[in-house]
Amino acid sequence: MPTTAGTTQVAVDSLVVPTYDGPSGTPIGSPSMTGRRAAVWVLTAAAFVGALCLATVDLHVRTNNCGSALLSTGPAKPVVSTGDPDDDAFTVDRLRADCAHRLLGQRLLVAGPLLVGLAGLWLGDRLRDRSQSSVSGDRRAQR
């Protein structure tokens, strides 16, 4: 059977069906993502969404809003003042210190899912290299 460059023909019960080869020599339509790689992708996406949710949730100290781990705001002065300026200044300083402590803890909490997501990206890339090297030869040997 005559063929053109990049194509092969397969005879199936006297019906000729051309199949085209992809850029790496694999047939088009072959699965490029294994189940393990898909699971890593789903876990990576979930980790990044979780990190985004943790980074944008508002933190509160007593009745004051401190902002989020991504965008922090300083606490406003207390609505009820005692009439003593020194006591009010101490209360505001204490609120700011409590907010800074809560924001630091939240930012460290956000770092966990971010690191899991980055590790998932790295692992997904490693799994892609392994699946492609079994089809088109070892990539390291080609370098």
Side-chain angles (χ1 to χ4, degrees), residues 3-13 15-143:
T3 62
T4 59
T7 65
T8 58
Q9 291 184 351
V10 179
V12 178
D13 294 334
L15 176 67
V16 177
V17 179
T19 60
Y20 298 94
D21 293 337
S24 63
T26 60
I28 292 180
S30 67
S32 62
M33 185 176 291
T34 62
R36 191 177 286 173
R37 191 165 171 232
V40 167
W41 184 87
V42 168
L43 290 175
T44 300
F48 281 132
V49 168
L52 181 67
C53 290
L54 286 172
T56 57
V57 69
D58 281 339
L59 298 175
H60 297 276
V61 172
R62 300 180 202 140
T63 59
N64 294 308
N65 184 1
C66 298
S68 65
L70 193 60
L71 299 170
S72 62
T73 59
K77 289 199 178 232
V79 176
V80 179
S81 63
T82 61
D84 183 13
D86 291 334
D87 190 33
D88 291 342
F90 176 76
T91 303
V92 169
D93 287 342
R94 181 69 183 161
L95 282 174
R96 286 190 178 140
D98 288 346
C99 279
H101 185 262
R102 293 278 312 262
L103 287 170
L104 177 64
Q106 190 73 8
R107 288 176 179 153
L108 291 174
L109 189 63
V110 168
L114 280 178
L115 290 175
V116 168
L118 290 174
L121 288 175
W122 175 79
L123 183 61
D125 186 51
R126 296 286 298 190
L127 289 174
R128 184 190 73 205
D129 287 344
R130 184 178 298 158
S131 67
Q132 284 182 351
S133 67
S134 65
V135 173
S136 63
D138 194 3
R139 288 176 59 181
R140 286 181 226 123
Q142 293 175 357
R143 289 182 189 170

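Numbering of residues begins at 1 and proceeds along the displayed sequence.
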Q: Quick one: pull up CG in L118 and CG in L123 and give me the separation to the nearest 0.5 Å.
A: 12.5 Å
Q: Nearest 0.5 Å please: distance from the CG atom of L103 over to the CG atom of L70.
A: 11.0 Å
Q: If every non-hydrogen atom of A47 is compared with every non-hydrogen atom of G117, which pair is closest and at what distance?
A: CB-N, 3.9 Å
Q: Got a donor-acceptor contact below 3.5 angstrom from the R107 side chain to the A69 backbone?
A: yes
Q: Side-chain contact test, heavy atoms from C-beta onward, threshold under 4.5 Å: evaluate it for L54 versus P113 and give yes or no.
A: yes
Q: Shortest non-hydrogen contact from R62 to L95?
A: NH1-CD2, 3.3 Å
Q: How about R94: does its CZ atom have over 12 heavy atoms from other parts shown lying under 6.0 Å from it?
A: no
Q: Do you know which two heavy atoms are closest between V40 and G124, and how far apart they sit?
A: CG1-N, 3.9 Å
Q: Could you check whether any side-chain heavy atom of F48 comes within less than 4.5 Å of a side-chain heavy atom of L121, counting everything from C-beta outward?
A: yes
Q: Would you find a donor on one side and an acceptor on the other, under 3.5 Å apart, between the side chain of R102 and the backbone of H60?
A: yes
Q: Rounded to the nearest 0.5 Å, how far does CG of L59 lie from OG of S68?
A: 7.5 Å
Q: Give a yes or no on whether H101 atom NE2 has more than 12 heavy-atom contacts from other residues, nucleotides or ligands under 6.0 Å away.
A: no
Q: I need the T56 OG1 to L71 CG distance, nearest 0.5 Å.
A: 9.5 Å
Q: Please report the C-alpha distance between Q106 and V57 in whole Å, then the side-chain angles of each, then the deciding distance to 0.1 Å, and finally whether the side chain to side chain contact (heavy atoms under 4.5 Å, CB included) criterion is met.
A: CA-CA 9 Å; Q106 190 73 8; V57 69; 3.5 Å; yes
